[in-house]
Amino acid sequence: MLYNPWHGCHKFSAGCVNCYVYRMDKMFDRDPSIVKKTKNFDLPIQKNRQNEYRLKAHDGYLYTCLSSDFFIEEADQWRDDVWQMIKTRSDLSFCIITKRIHRFMSCLPKDWNDGYPNVTISVSIEDQDSLDQRLPLLITLPIKHKRINCEPLLTRLDFKELLSGNTIQHISVGGESGNNARVCDYDWVLDIRRQCVENNTYFSFKQTGAKFVKDGKLYQISKQDQHPQAKKSNIDYQREVKDEKEKKK
């Protein structure tokens, strides 16, 4: 499920050039650079007529701030309230995807310590420059669950030694959507998978993107086929859990 406590963002790096939020807001004649609280700001603690939480623990990940960035500066005034809701709903699992991992330490609640167990931080990486800047920082931060979201994937990526030690639990990969999408090459996807397998890191191929190169041939993939085609490739990798302590996590 999606949880957007605020909407609006500023383009930050190469991956933002064809931002889907900007495309969507243009359709509704909205200014995507204006950051505002949404009507669903308090979604995690909303209750029904029976005074029960509307969202249940079995609803799966609550993907947070996909129409903005959780750590964007304009949201500093509201973020503490969201952290409190996340703490209150310890039965829910929140996945926060961000490009602004450099702001992480200045945006934490006082009782964060080594991380809330129900929070996963996923850093968005699109090219080698963003990998070199963001991934080393992510590895050092006090976070219990760390992921990488390579979307839109714009180039081949070399993770070097940064995946060793299983600090990163999951890497997902996807191409770019939209009429102006840039190319995603299947060889890049397979190379990331190889590095994940070598380091026993969970890998998933999310979507092909609109312009997908395979075996040197360019394919134009319709929006509705981008996810099914990626799934059809059947290249997801489920990491092996070898340690008894890991099995209990």
- Message: Walk me through whether C150 and L157 qualify under side chain to side chain contact (heavy atoms under 4.5 Å, CB included).
- Response: CA-CA 9 Å; C150 300; L157 298 179; 3.8 Å; yes

- Take K87 and D111, measure what side chain to side chain contact (heavy atoms under 4.5 Å, CB included) needs, and give me the verdict at the end. CA-CA 10 Å; K87 182 179 179 181; D111 62 351; 2.5 Å; yes

- Task: Step by step, work out the side chain to side chain contact (heavy atoms under 4.5 Å, CB included) result for K144 and Y116.
- Result: CA-CA 7 Å; K144 288 188 178 296; Y116 290 169; over 6 Å; no

- Task: Mind running side chain to side chain contact (heavy atoms under 4.5 Å, CB included) on D185 and V189 for me, showing each step along the way?
- Result: CA-CA 7 Å; D185 195 309; V189 177; over 6 Å; no

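Side-chain contact between T98 and I72: absent, with no pair of heavy atoms (C-beta onward) separated by less than 4.5 Å. Looking only at side-chain heavy atoms (C-beta outward), I192 and L153 come within less than 4.5 Å of each other. By the 4.5 Å heavy-atom criterion applied to side chains, H145 and I121 are not counted as neighbours. Proximity of Q46 to N40: side-chain heavy atoms (C-beta onward) are separated by under 4.5 Å at one or more points. You'll find the side chain of H102 reaches within 4.5 Å of the side chain of L137, heavy atoms only. Here the side chains of I168 and L138 are in contact, with some heavy-atom distance below 4.5 Å. Residues P5 and C65 meet the side-chain proximity criterion, which asks for heavy atoms closer than 4.5 Å. With a 4.5 Å cut-off on side-chain heavy atoms, V183 and L218 count as touching.
The distance from atom CZ of R147 to atom NE2 of H170, rounded to the nearest 0.5 Å, is 4.5 Å. Note that the CD1 atom of I86 and the CD1 atom of I96 stand 4.5 Å from one another [nearest 0.5 Å]. A distance of 10.0 Å separates CE in M85 from OG1 in T64, rounded to the nearest 0.5 Å. If you take OH on Y63 and CG on L2, they are separated by 9.5 Å, rounding to the nearest 0.5 Å. Taken to the nearest 0.5 Å, the OG atom of S222 stands 10.5 Å off from the CD atom of Q220. Here the straight-line distance linking atom CG of L154 with atom CG of D129 works out to 11.0 Å at 0.5 Å rounding.
The shortest heavy-atom contact between A230 and T208 is N-CG2, 3.8 Å. Of all heavy-atom pairs spanning A210 and A181, the tightest one is CB-CB, 3.8 Å. Of all non-hydrogen atoms in C16 and F12, the two that sit nearest each other are SG-N, 3.3 Å. Across all their heavy atoms, I139 and L162 have their closest contact at CD1-O, 3.2 Å. Closest non-hydrogen pair, V21 versus S67, comes out as CG2-CA, 3.7 Å.
Salt-bridge check for R182 with E126: failed, with every basic side-chain N at 4.0 Å or more from each acidic carboxylate O. One finds no salt bridge joining D69 and K99 here, because no Lys/Arg side-chain nitrogen approaches an Asp/Glu carboxylate oxygen to under 4.0 Å. D132 has a carboxylate O that lies under 4.0 Å from a charged side-chain N of K160, or vice versa, which qualifies the two as a salt bridge. Of the charged side-chain nitrogens involved, none lies within less than 4.0 Å of a carboxylate oxygen, so that D236 and K231 do not count as a salt-bridged pair. A salt bridge links D76 with R103: the distance from a Lys NZ or Arg NE/NH1/NH2 to an Asp or Glu carboxylate oxygen falls below 4.0 Å. Between D91 and R89 a salt bridge is recorded (basic side-chain N to carboxylate O distance below 4.0 Å). Taking a cutoff of 4.0 Å between a charged side-chain nitrogen and a carboxylate oxygen, E151 and K206 qualify as a salt bridge.
Hydrophobic clustering, with ILVMFWY side chains joined whenever heavy atoms are under 4.5 angstrom apart, keeps I143 apart from Y202. Y22 and I34 sit in two unconnected hydrophobic clusters of ILVMFWY residues. Membership requires side-chain heavy atoms under 4.5 Å apart, directly or through other members. Placement of F212 and W188 within a single hydrophobic cluster is found when ILVMFWY residues are connected by side-chain heavy-atom separations under 4.5 Å, directly or transitively. If you chain together hydrophobic residues whose side chains sit under 4.5 Å apart, I97 and W6 never meet in one group. No single ILVMFWY cluster, assembled from side-chain heavy atoms under 4.5 Å apart, contains both L190 and V213.
Checked by atom type and distance alone, the side chain of N18 pairs as donor or acceptor with a backbone atom of N180 at under 3.5 Å. Not a single donor-acceptor pair under 3.5 Å links the side chain of D191 to the backbone N or O of D187. Looking only at distances, no side-chain donor or acceptor of Q169 sits under 3.5 Å from a matching main-chain atom of T201. Listed for the N118 side chain is a donor-acceptor partner under 3.5 Å among the backbone atoms of L92.
Side-chain contact annotation: D158 with Q128, donor-acceptor N/O pair under 3.5 Å absent. Judged purely by distance below 3.5 Å, without hydrogens or angles, the side chains of Q229 and D225 never pair a donor atom with an acceptor atom. Defined by atom type and a distance below 3.5 Å, a donor-acceptor pair is present between the side-chain atoms of R23 and S177. With 3.5 Å as the limit, one finds a donor-acceptor pair spanning the side chains of R134 and S13. In the model, H10 has no side-chain atom that pairs as donor or acceptor with a side-chain atom of E73 under 3.5 Å. With hydrogens and angles left out, the side-chain atoms of Y53 and N48 include no donor and acceptor closer than 3.5 Å.
In this structure, W112 has its ring center closer than 6.0 angstrom to the ring center of F104. In this structure, H7 has its ring center no closer than 6.0 Å to that of F41. The ring of F94 has its center no closer than 6.0 angstrom to the ring center of Y61.
Both tests hold for R79 against F70: distance to the six-membered ring centre under 6.0 Å, angle to the ring axis within 45°. With a 6.0 Å cutoff to the six-membered ring centre and a 45° limit on the axis angle, K211 does not count as a cation-pi contact of Y219.
Residue K47 qualifies as enclosed at atom NZ: its count of foreign heavy atoms under 6.0 Å is above 12. Counting heavy atoms of neighbouring residues, nucleotides and ligands inside a 6.0 Å radius, atom CG of D31 exceeds 12 of them. For K11, the NZ atom is densely surrounded, since the number of other residues' heavy atoms within 6.0 Å is greater than 12.
Relative orientation of the F205 and Y186 rings is tilted, given thresholds of 30° and 60° on the angle between their planes.
If you run side chain to side chain contact (heavy atoms under 4.5 Å, CB included) between Y3 and each of V82, L66, T38, L55, only V82 comes through. Partner Q207 forms a side-chain hydrogen bond (donor to acceptor under 3.5 Å, both in side chains) with one of H227, K223, E176 and no other, that one being H227.
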